[in-house]
Amino acid sequence: MSKGTTKNQNFIADGLCFCPPTPDATYSEADNNKIFRIASNLDNAHSTYSSDCRRSSLSVNIDTPSLDSDDEEEHFLDSDIQEAGYFSDVFPNQFESDEESDSSTYYSVIESEFPEQLELCNYKLLNQIGDGAFSRVFKAVNVASIDQIPVAIKVIKKKSVFSEYEKHGHGAEDSDRIKPCSRESILNEIAIHKMVSENNPYLVMFIGFQESVSYFYIVSELVTGGEIFDKIIQMSSFSEDLARHVITQVAIAVKHMHYMGVVHRDIKPENLLFDPIPFYGVDGDEFKLGVGGGGIGFVKLTDFGLAKRISHNTAKTPCGTIEYTAPEIFNLEGYSMKVDMWGIGCVLYTLLCGYPPFTEKNPSKLVKKISEGDYEFLAPWWDGVSSGAKNAISHLLEVDPSKRYDIDEFLNDPWLNTYDCLRPSTLDDQPASEYAYATVEDILNGSFDKRAENLRSAFERSYQLQEQDDTESYKSATSQYIYMAENDEHLRSSWSGELKEAFSLNLKRSSVYRRRKSKVTFW
Ligand SMILES: Nc1ncnc2c1ncn2[C@@H]1O[C@H](COP(=O)(O)OP(=O)(O)OP(=O)(O)O)[C@@H](O)[C@H]1O
């Protein structure tokens with residue numbers, strides 16, 4: 001192995017990768033301040049579970065050239081590098097003022113066919129499972145852990161990110177016009193992902209983060225079923241029960257985010273992943289209440305690249321995927337959490353018929369259609385769909401945000417709360433109460449009382465201080481907010497129990513999802 005590594009020198013030898021923590025002189029002072037704030041937030045958020053990792057990370061700081069003998073190298077690799085998560089969750093800017101850390105060097109000993117592996121520590125990339133505009137997503141394992149549970153790692157190449165950022169300017173007002181366009185927006189994605197996803201089974205769980213010279217690595221729970229988008233393509237459309245099963249879980253995820261003051265802004269079938277379940281019934285298309293159908297079990301919302309904390313209920317940055325974007329965003333009006341309700345409406349529409357509500361090749365015509373709420377329940381696709389489903393959609397795809405359903409109203413919608421498989425076969429003879437059951441909202445009410453209020457008001461305060469640029473108070477208020485979210489045992493435990501209950505209702509009769517013969521080719 002090569003020896004005598006010098007400060008800030010890159011080399012790769014014998015499968016070892018030397019990664020100085022971060023390129024410098026890439027950001028303005030203002031950028032760095034913002035990054036520091038986000039990194040501080042996240043660092044506080046991480047401190048409860050990553051202190052061991054951080055200790056290990058610092059322990060492999062080998063301000064070179066200190067590796068004089070092969071023995072020392074062996075010792076270093078065995079005892080320190082192999083230790084679990086030694087580099088994960090470290091934000092290099094945290095250590096910029098620290099002389100020793102500034103010249104840190106980090107090694108990876110894992111060989112792989114993927115170039116992204118060379119600067120990644122502790123995890124082995126197994127195969128690619130997805131890609132995005134700026135990223136590749138891999139299935140990976142933590143080689144240092146005993147159980148070797150697979151995870152997903154989203155790898156974002158800095159070069160593409162920063163070149164886009166250069167193209168689109170560095171101004172704060174431009175900072176999230178496209179995604180992801182700056183280091184700051186990636187740290188924002190991570191901070192929000194970490195904050196909202198803990199102990200919520202309907203949000204893809206954040207596990208860790210690494211930054212190397214060339215890449216950002218976001219480690220998260222691996223969701224093995226794939227995207228709901230692909231299921232729509234495969235099945236053409238979902239039964240109303242299966243659509244309820246999917247959209248209810250999305251709605252619960254969104255409710256959680258909204259209560260934490262975060263708007264997702266990119267709700268679409270590609271960002272809904274699912275845990276697979278067996279196919280039930282003779283034809284494999286039976287729906288089981290509390291379990292799922294069509295191979296779809298738990299549904300999990302992912303991709304927090306456009307998520308934003310909004311305090312005053314309005315934001316102005318245009319973003320999102322055009323087909324699923326709410327009209328008020330095009331009109332550059334301030335917008336609120338209600339943009340996610342529009343996204344939910346687009347997804348629900350798509351689940352039930354197999355194509356999105358607004359389709360137009362010409363982007364300006366598409367924007368016009370969306371701005372006017374110009375969509376239809378076209379025959380024959382919508383002929384067999386209930387009026388209750390159409391009613392729910394029309395409350396979600398309401399152009400005027402003040403009239404649009406909010407998340408609580410949607411969770412209380414009668415259609416959402418009445419599964420076909422619970423209806424007796426002689427439905428007309430039965431009073432509604434016989435087949436109705438507790439609403440998801442009723443079940444969840446206990447989770448969103450004072451504790452959620454406290455979290456929100458702590459966040460409000462940190463946001464105001466941020467706006468006043470009161471850095472010290474901001475840092476302390478924000479860490480208080482994150483501390484509260486992290487340590488609210490009741491909030492955390494109540495989620496899992498009550499949410500499980502929400503999906504453990506009795507199955508009385510199965511229903512099948514429809515397979516449409518004619519394939520729709522709007523995409
Ligand atoms: N945790 C995960 N488990 C399984 N697959 C995943 C996971 N995260 C992402 N993927 C897959 O990788 C794809 C891209 O991930 P993601 O949407 O986070 O990337 P992105 O760069 O933000 O994409 P986009 O360009 O759509 O914004 C997902 O659509 C999904 O298929």
Please lay out, stage by stage, how Lys268 and Cys346 fare under the test side chain to side chain contact (heavy atoms under 4.5 Å, CB included). CA-CA 8 Å; Lys268 56 182 180 180; Cys346 290; over 6 Å; no
Tell me the closest heavy-atom pair linking Leu120 and Gln210, and the distance in Å. CD1-OE1, 3.4 Å
Under the 3.5 angstrom rule, does the side chain of Ser197 hit a backbone N or O of Phe206 as a donor-acceptor pair? yes
Short side-chain to backbone donor-acceptor contact, Gln249 and Val299, under 3.5 Å: yes
Of all residues at least two apart in sequence or in a different chain, which pass the salt bridge (charged side-chain N to carboxylate O under 4.0 Å, His left out) check with Glu360? Lys369
Would you call Asp420-Arg244 a salt bridge at under 4.0 Å N-O? yes
Please confirm whether the backbone N or O of Asn391 pairs with a side-chain atom of His395, one donor and one acceptor, at under 3.5 Å? yes
According to the interplanar angle, ranging from 0 to 90°, do the rings of Tyr375 and Phe358 count as parallel (below 30°), tilted (30 to 60°) or perpendicular (above 60°)? perpendicular
Neighbour count >12 (heavy atoms, 6.0 Å) for atom NZ, Lys390: yes
Hey, is the main chain of Lys338 close enough, under 3.5 Å, to the side chain of Arg404 for a donor-acceptor pair? yes
Test Ile190 against Ile186 for side chain to side chain contact (heavy atoms under 4.5 Å, CB included), laying out the working first. CA-CA 6 Å; Ile190 294 157; Ile186 289 163; 3.9 Å; yes
Min side-chain heavy-atom separation Phe134-Val155 under 4.5 Å: no
If you take all heavy atoms of Val291 and Ile277, which pair is closest and at what distance? O-CD1, 3.7 Å
Carefully, step by step, assess Tyr202 and His256 under the rule ring-ring contact (aromatic ring centres under 6.0 Å, His included). CA-CA 9 Å; Tyr202 306 109; His256 182 63; 9.8 Å; no
So how far is it from Leu273 CG to Glu221 CD, rounded to the nearest 0.5 Å? 9.0 Å
Check for a donor-acceptor pair, side chain of Glu409 on one end and backbone N or O of Asp406 on the other, with a separation under 3.5 Å. yes
Does anything in residues 222-237 form a salt bridge (charged side-chain N to carboxylate O under 4.0 Å, His left out)? List the pairs, not counting sequence neighbours. none
Could you give me the CA-CA distance, side-chain angles and deciding distance for Ile247 and Ile344, then say whether side chain to side chain contact (heavy atoms under 4.5 Å, CB included) is met? CA-CA 7 Å; Ile247 211 71; Ile344 289 176; 3.8 Å; yes
Can you classify the ring geometry of Phe410 versus Tyr405 as parallel (below 30°), tilted (30 to 60°) or perpendicular (above 60°)? tilted
Qualifying residues under salt bridge (charged side-chain N to carboxylate O under 4.0 Å, His left out), relative to Glu398, sequence neighbours excluded: none
Go through the steps to decide whether Ile232 and Leu351 satisfy the test side chain to side chain contact (heavy atoms under 4.5 Å, CB included), and finish with yes or no. CA-CA 7 Å; Ile232 299 171; Leu351 293 176; 3.8 Å; yes
Would you name the heavy atoms of Ala253 and Leu203 that are closest together and state the gap between them? CB-CD2, 3.8 Å
Taking atom types as modelled, is there a side-chain donor on Asp340 or His258 under 3.5 Å from an acceptor on the other? yes
Could you check if a side-chain atom of Phe238 sits within less than 4.5 angstrom of a side-chain atom of Leu348, using non-hydrogen atoms only? no
Are the side chains of Ile267 and Val347 in contact, using a 4.5 Å heavy-atom criterion? yes
Assess whether a salt bridge exists between Lys154 and Glu189, defined as any Lys/Arg side-chain N lying under 4.0 Å from an Asp/Glu carboxylate O. yes
Short side-chain to backbone donor-acceptor contact, Arg265 and Ala307, under 3.5 Å: no
To the nearest 0.5 Å, what is the distance between CG on Asn417 and OH on Tyr419? 8.5 Å
For the side chain of Ser135 and the backbone of Asp131, is there at least one donor-acceptor N/O pair under 3.5 Å apart? no
Distance-minimising heavy-atom pair for Ala243 and Leu352: CB-CD2, 3.6 Å
Find the distance between OH (Tyr259) and CE (Met337) and round it off to the nearest 0.5 Å. 11.0 Å
Val339 versus Val263: any side-chain heavy-atom pair under 4.5 Å? yes
Calculate, to the nearest 0.5 Å, the distance between atoms CD and SG belonging to Glu240 and Cys421 respectively. 12.0 Å
Check: Asp383 side chain, Ala379 main-chain N or O, donor-acceptor pair, under 3.5 Å: no
Report yes if some heavy atom in the side chain of Ile218 is under 4.5 Å from a heavy atom in the side chain of Ile153; otherwise report no. no
NZ or CZ of Lys300 within 45° of Phe274 ring axis and under 6.0 Å: no
Quick check against the 3.5 Å criterion: does Gln148 have a side-chain atom that pairs as donor or acceptor with the backbone of Ser145? yes
Could you tell me the separation between the CD1 atom of Ile296 and the CZ atom of Phe287, rounded to the nearest 0.5 Å? 9.5 Å
What are the two closest non-hydrogen atoms of Gly354 and Ser237, and how far apart are they? N-CB, 4.1 Å
Give a yes or no on whether the ring-centroid distance for Phe304 and His264 is below 6.0 angstrom. yes
Indicate yes or no: at least one non-hydrogen side-chain atom of Thr350 is less than 4.5 angstrom from one of Phe229. no
Point-to-point distance, once rounded to the nearest 0.5 Å, from CD1 of Ile129 to OG1 of Thr224: 9.5 Å
With a 6.0 Å cut-off on ring centres, are Tyr349 and Trp381 close enough? no
Looking at Leu289, is its backbone amide N or carbonyl O close enough to the side chain of Asp241 to form a donor-acceptor pair, meaning the two atoms are under 3.5 Å apart? no
Looking at Val262 and Ile192, what are the two nearest heavy atoms and their distance? CG1-CG2, 3.7 Å
Kindly state whether the ring of Phe138 and the ring of Phe114 have centres lying under 6.0 angstrom apart. yes
Heavy-atom side-chain proximity of Glu198 to Met205 below 4.5 angstrom: no
Between Tyr215 and Tyr217, what is the ring plane arrangement, given parallel below 30°, perpendicular above 60°, and tilted in between? tilted
Please lay out, stage by stage, how Arg183 and Glu211 fare under the test salt bridge (charged side-chain N to carboxylate O under 4.0 Å, His left out). CA-CA 10 Å; Arg183 182 173 187 272; Glu211 179 178 1; 2.6 Å; yes
